[in-house]
Amino acid sequence: MDLRTAERRRRGEYVFTLPLQTITDDPEHPLHDLTVLNVDEHDHIDIDVKSPITANELSEKLNKTALCLESNFIVSSGREVDYRAMSKSSDFEEYVRLAKQLVNIEINSLNQNSIRAFFINIYNCLTIHSLCSLPSLPKSVLDIKQFWDRFAYMIGGYLLTLDDIEHGILRGNRPHPTGHTIFMQGDRRLSLSCSELDPRIHFALVCGAKSCPAIRIYNENNIHRGLEEATRNFCDENVIVNMTTRKIWLSKIFDWYNIDFGKTPLDVVRWVLPYVCEDKRYGLEYLLDQWEEEGGVTVIYNNYDWSLNRM
């Protein structure tokens, strides 16, 4: 495959018809390290052959397998993963088998709730699959060069990395925290982008760090309730209020993605208000009143623990 072809396919202009895991053998090419985890080097991909299973049906099967993985290898309320034991298990082998079926499913027929639930689950599973595929586990995902752009799944003929899923699809193609846009004009994957951003997704996506939210499994029917609970649990755990010193501590997530929660730090704190316990809510309401009347309230963003969420 020539580099121009690889680049066009990376942008989603058309899809793979050749068996491959790594896009190009050229070590100088930016796509050299991109690995498609649900396509083996001996697989023959024919995108014109539609899957006999629907996206919702496959999603349900993947969810059941993911629940088995969660039950057997994820502990501490979803915060720690036994990656090594998981990678050697029959449950993981079944998950990998099902992930291959993602290649030919019809994804564009899903409604917004299904899209959101489907890709939250896929994001978290791709993270786990990526880490399980490594010969040795790093101390942190930051130790893996371009982790969020290095691993991908082919889904319904679209090549999607972790960054593609989070920013291009779930955030409705809002700019990455670094400022760049994921799906440019003409990218076929824009058809997958959520029409409306639900900021609660940030408390469902798990990138393998200890400060990440707990891992949960979502579906079309429980997506609103599940995101509401995940957001409440995360905010209540991570928000700290000190009325005496007029300081509010928030997760770094609210700093990185502040545009998803409001235009100003004041807007962000207002957004958080419904998701904390009564005592913290009282403190936030008091400080919000003080902030609006005379200022003098400080918002501090907690350091993010990027250590791998391994057992």
Side-chain angles (χ1 to χ4, degrees), residues 8-21 23 34-40 43-66 94-130 148-149 151-174 181-198 201 204-205 217-224 226-227:
R8 290 184 64 194
R9 292 177 176 181
R10 172 68 180 83
R11 294 198 306 265
E13 293 181 12
Y14 56 98
V15 294
F16 294 117
T17 55
L18 297 175
L20 88 150
Q21 260 192 323
I23 297 289
L34 181 63
T35 299
V36 186
L37 288 174
N38 64 335
V39 178
D40 289 334
D43 287 347
H44 176 74
I45 301 170
D46 185 350
I47 61 158
D48 293 324
V49 176
K50 297 304 178 184
S51 172
I53 187 172
T54 68
N56 279 325
E57 290 170 338
L58 181 55
S59 180
E60 185 175 343
K61 289 186 176 184
L62 285 167
N63 286 353
K64 287 181 179 179
T65 306
E94 172 64 8
Y95 171 78
V96 172
R97 186 188 70 80
L98 289 171
K100 288 177 173 290
Q101 297 182 40
L102 289 168
V103 172
N104 293 102
I105 62 167
E106 177 52 60
I107 197 72
N108 292 97
S109 61
L110 295 177
N111 62 37
Q112 286 294 295
N113 280 341
S114 294
I115 281 279
R116 195 168 281 118
F118 179 84
F119 278 108
I120 288 173
N121 294 335
I122 289 297
Y123 180 98
N124 293 339
C125 286
L126 177 54
T127 296
I128 291 173
H129 195 168
S130 301
W148 291 273
D149 275 322
F151 299 100
Y153 278 156
M154 188 185 296
I155 303 175
Y158 300 99
L159 185 64
L160 296 166
T161 65
L162 290 167
D163 265 355
D164 294 334
I165 293 170
E166 179 178 3
H167 308 292
I169 297 175
L170 292 170
R171 294 184 64 235
N173 207 39
R174 287 196 175 197
T181 300
I182 298 295
F183 298 156
M184 304 304 290
Q185 185 176 1
D187 193 316
R188 294 174 61 248
R189 296 170 297 176
L190 278 169
S191 64
L192 302 176
S193 295
C194 290
S195 57
E196 294 183 6
L197 170 67
D198 186 337
I201 64 162
L205 300 176
I217 308 300
Y218 300 88
N219 60 52
E220 178 185 6
N221 299 318
N222 76 9
I223 183 68
H224 174 72
L227 289 179

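Below, all heavy atoms of this structure are taken into account, side chains as well, without hydrogens, waters or symmetry copies.
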_I'd like to know if the side chain of N38 and the backbone of A99 have a donor-acceptor N/O pair within less than 3.5 Å._
yes
*Would you say D163's side chain and D149's backbone share a donor-acceptor pair under 3.5 angstrom?*
no
So, [X] and [Y]: side-chain donor and acceptor under 3.5 Å apart, yes or no?
{"X": "Y218", "Y": "N124", "value": "no"}
{"X": "T161", "Y": "D164", "value": "yes"}
{"X": "S191", "Y": "N108", "value": "yes"}

With rounding to the nearest 0.5 angstrom, report the [atom1] to [atom2] distance, [X] to [Y].
{"X": "M184", "Y": "N173", "atom1": "CE", "atom2": "CG", "value": "8.5 Å"}
{"X": "E57", "Y": "Q101", "atom1": "CD", "atom2": "CD", "value": "10.5 Å"}
{"X": "L102", "Y": "I122", "atom1": "CG", "atom2": "CD1", "value": "4.5 Å"}
{"X": "R171", "Y": "L205", "atom1": "CZ", "atom2": "CG", "value": "10.5 Å"}
{"X": "I115", "Y": "I120", "atom1": "CD1", "atom2": "CD1", "value": "11.5 Å"}
{"X": "N111", "Y": "R116", "atom1": "CG", "atom2": "CZ", "value": "10.0 Å"}

_Checking S130 against L37 for the side chain to side chain contact (heavy atoms under 4.5 Å, CB included) test, could you report, in this order, the C-alpha distance in whole Å, the side-chain angles of both residues, the deciding distance, and whether it holds?_
CA-CA 7 Å; S130 301; L37 288 174; 3.5 Å; yes
Would a 4.5 Å heavy-atom cut-off, applied to side chains only, mark [X] and [Y] as touching?
{"X": "I223", "Y": "D198", "answer": "no"}
{"X": "T35", "Y": "F151", "answer": "yes"}
{"X": "N219", "Y": "N222", "answer": "yes"}
{"X": "N63", "Y": "E60", "answer": "no"}

*Parallel, tilted or perpendicular for Y95 and H129, by the 30°/60° rule?*
perpendicular
Which heavy atom of [X] sits nearest to which heavy atom of [Y], and what is that distance?
{"X": "Y153", "Y": "V36", "answer": "C-CG1, 4.3 Å"}
{"X": "G168", "Y": "S193", "answer": "O-OG, 2.5 Å"}
{"X": "H167", "Y": "I182", "answer": "CB-CG1, 3.5 Å"}
{"X": "L227", "Y": "A204", "answer": "CD2-CB, 3.7 Å"}

*Residue from F119, Y123, F118, Y158 passing side chain to side chain contact (heavy atoms under 4.5 Å, CB included) with I169*: F119
